[in-house]
**Student:** 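Let me give you the structure first, and then I'll get to my questions.
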Amino acid sequence: MAGTATTVNLSSAPYLLRHSSFTTLSSKPSVLPMRPRSKFPRIYAFSSNDIKVGSNIEVDGAPWRVLEFLHVKPGKGAAFVRTKLRNYMSGTTVERTFRAGITVEEADVFKETKQFTYKDGSMFVFMDLTTFEEVRLNETDVGDKKKWLKEGMDCNLLFWKGKIIDFEVPITVQLTVVDVDPGLKGDTASGGSKPATLDTGAVVNVPLFVNIGDEILVDTRTGQYMTRA
């Protein structure tokens, strides 16, 4: 496989992309030279009134993703925004309240598409199809998402300040049923279900008419069967 391999650890001390080697983050992490994104400076500060689901904000020096928000205007006292946040670095979820209208710093989190090319022992190898640079994530980094990964699948790697902090699999994936109880002839009605093992190792509940060899679509957010492909 052409390209330069880099090992990245997201769960404990993150690793940084390098061209020929890998290194853990120290207390003073090296920051990669990133690709030019814009010649104009970006303004990261915005109002708490602008917070919405999916916003990326920086709190206490860490990047957080907004999972839920609610603008509250009490009968007495100042308005505020109640949020539920997930820390990109640790995965922890907290609730936090902001006064309405205060300035909140936006986290400069951006995505790059990488293709999952193969598994090398316990490492999952992703390639940039433009530069052919490789990035390796270990099983801890990939976590439960590994059950949806197939070779050739495009995934999004999320970067913040030169570090990979997360990655995303497609919302909908097409997988093959490799093990399931035989379907019943003429049983095409909905209502019943049975567990099926897919070619990535994932197990999902499928309708009774699904058989071995069927291609199905699965929602990776919920792990639920959607339809036959």
Side-chain angles (χ1 to χ4, degrees), residues 1-3 5-12 14-15 22 53-54 65 67-68 84 86-93 111-129 132-158 164-229:
M1 178 67 68
T6 303
T7 302
V8 180
N9 187 304
L10 307 181
S11 58
S12 55
Y15 285 73
F22 63 89
V53 172
R65 181 178 178 85
L67 304 179
E68 300 175 8
K84 184 175 183 180
R86 181 175 69 85
N87 189 307
Y88 276 111
M89 308 295 286
S90 65
T92 57
T93 300
K111 301 177 182 180
E112 286 189 2
T113 300
K114 311 286 184 183
Q115 186 178 93
F116 173 56
T117 51
Y118 64 99
K119 191 169 185 284
D120 183 12
S122 62
M123 307 302 293
F124 295 80
V125 183
F126 297 81
M127 177 179 285
D128 186 311
L129 296 183
F132 303 108
E133 191 173 66
E134 291 183 349
V135 179
R136 293 170 178 251
L137 305 180
N138 63 38
E139 290 191 354
T140 302
D141 301 332
V142 173
D144 196 44
K145 296 176 184 177
K146 68 183 179 182
K147 66 184 178 184
W148 309 123
L149 282 175
K150 290 187 67 174
E151 292 184 3
M153 178 180 290
D154 287 341
C155 301
N156 289 323
L157 272 63
L158 278 66
I164 296 177
I165 57 174
D166 200 0
F167 88 102
E168 301 172 339
V169 295
I171 293 175
T172 302
V173 294
Q174 180 174 328
L175 302 174
T176 304
V177 177
V178 297
D179 187 28
V180 71
D181 289 339
L184 301 177
K185 185 177 181 179
D187 190 358
T188 59
S190 60
S193 65
K194 57 186 179 181
T197 302
L198 309 180
D199 53 342
T200 58
V203 177
V204 300
N205 287 323
V206 299
L208 298 175
F209 56 80
V210 171
N211 288 299
I212 293 176
D214 286 350
E215 298 279 336
I216 66 172
L217 300 181
V218 180
D219 187 328
T220 60
R221 297 168 300 182
T222 61
Q224 293 183 343
Y225 165 92
M226 298 172 65
T227 184
R228 281 194 291 196

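What's counted below: heavy atoms across the whole structure, side chains too, no hydrogens, waters or symmetry copies.
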**Student:** Is the shortest heavy-atom distance from the side chain of Gln174 to the side chain of Ile216 under 4.5 Å?
**Tutor:**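 SC-SC contact between Gln174 and Ile216 ruled out.
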**Student:** Nearest heavy-atom pair of Thr140 and Asn138: which atoms, and what distance?
**Tutor:**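 Thr140 and Asn138 have their closest heavy atoms at N-OD1, 3.0 Å.
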**Student:** Would you mind reporting whether Met226 and Val218 have side-chain heavy atoms less than 4.5 Å apart?
**Tutor:**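 No. Closest side-chain heavy atoms not under 4.5 Å.
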**Student:** Could you tell me which residues satisfy ring pair (Phe, Tyr, Trp, His ring centres under 6.0 Å) with Phe116, sequence neighbours excluded, listed by chain and number?
**Tutor:**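 Result, ring pair (Phe, Tyr, Trp, His ring centres under 6.0 Å) vs Phe116: Phe124, Phe126.
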**Student:** For the backbone of Val125 and the side chain of Thr117, can you confirm whether one donor and one acceptor N or O come within less than 3.5 Å of each other?
**Tutor:**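 Flag set: sc Thr117 to bb Val125 pair under 3.5 Å.
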**Student:** Are any side-chain N or O atoms of Thr113 and backbone N or O atoms of Asn156, one a donor and one an acceptor, separated by less than 3.5 Å?
**Tutor:**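 Looks like no, no N/O pair under 3.5 Å.
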**Student:** Could you pull out the closest heavy-atom pair between Gly223 and Val204, with the gap in Å?
**Tutor:**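 Smallest heavy-atom distance, with atoms named: O-CG1, 3.4 Å.
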**Student:** Hey, does Met123 have a side-chain heavy atom less than 4.5 Å from the side chain of Leu137?
**Tutor:**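 Result no, sub-4.5 Å side-chain heavy-atom pair not found.
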**Student:** Do we see a donor-acceptor contact under 3.5 Å between the side chains of Ser122 and Glu139?
**Tutor:**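 No - no donor-acceptor pair under 3.5 Å links their side chains.
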**Student:** For Asp128, is there an ion pair with Lys114 - N to carboxylate O distance below 4.0 angstrom?
**Tutor:**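 Asp128 and Lys114: salt-bridged.
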**Student:** For Val53 and Leu67, which heavy atoms make the closest approach, and how far apart are they?
**Tutor:**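 Where Val53 meets Leu67 most closely, the heavy atoms are CG2-O, 3.6 Å.
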**Student:** Under a 3.5 Å distance rule, please check whether Asn87 uses its side chain to pair with a backbone N or O of Ser90 as donor and acceptor.
**Tutor:**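 Pair found, side chain donor or acceptor close to backbone of Ser90.
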**Student:** Could you tabulate the donor-acceptor pairs under 3.5 Å formed by side-chain atoms of residues 145-155, not counting sequence neighbours?
**Tutor:**
| residue | atom | partner | partner atom | Å |
| --- | --- | --- | --- | --- |
| Lys145 | NZ | Asp166 | OD1 | 3.3 |
| Lys145 | NZ | Phe167 | O | 2.4 |
| Lys147 | NZ | Asp144 | OD2 | 3.2 |
| Lys150 | NZ | Asp199 | OD2 | 2.9 |

**Student:** Can you tell me how far CD of Glu134 sits from CD of Gln115, rounded to the nearest 0.5 angstrom?
**Tutor:**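 Spacing of CD (Gln115) from CD (Glu134) equals 11.0 Å.
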**Student:** Rounded to the nearest 0.5 Å, what's the gap from CG on Asp219 to CD1 on Ile171? Could you check?
**Tutor:**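 So the CG of Asp219 and the CD1 of Ile171 are separated by 7.0 Å.
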**Student:** Return the minimal non-hydrogen interatomic distance between Val203 and Pro195, and the atom names on each side.
**Tutor:**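 For Val203 versus Pro195, the nearest heavy atoms are CG1-CB, 4.1 Å.
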**Student:** When you look at Asp181 and Lys194, which way does the salt bridge (charged side-chain N to carboxylate O under 4.0 Å, His left out) test go after all the steps?
**Tutor:** CA-CA 8 Å; Asp181 289 339; Lys194 57 186 179 181; over 6 Å; no
**Student:** How close do Val177 and Ala196 get, counting heavy atoms only, and between which atoms?
**Tutor:**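 Here Val177 and Ala196 meet closest at CG1-CB, 4.1 Å.
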**Student:** Determine whether Glu215 and Leu175 satisfy the following criterion, side-chain contact (heavy atoms from CB on, under 4.5 Å), listing intermediate values before the conclusion.
**Tutor:** CA-CA 6 Å; Glu215 298 279 336; Leu175 302 174; 5.9 Å; no
**Student:** What is the distance from atom CG of Leu157 to atom CD1 of Ile164, rounded to the nearest 0.5 Å?
**Tutor:**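 Going from CG on Leu157 over to CD1 on Ile164, the span is 4.5 Å.
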**Student:** How long is the gap from CD1 on Ile212 to CG on Asp179, to the nearest 0.5 Å?
**Tutor:**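 Result: 5.5 Å between the selected atoms.
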**Student:** Working to the nearest 0.5 Å, report the span between NZ of Lys84 and CZ of Arg65.
**Tutor:**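 Between Lys84 NZ and Arg65 CZ, I get 13.5 Å after rounding to 0.5 Å.
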**Student:** Which heavy atom in Asn211 sits nearest to a heavy atom in Phe209, and how many Å separate them?
**Tutor:**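 Shortest heavy-atom contact: ND2-O, 3.3 Å.
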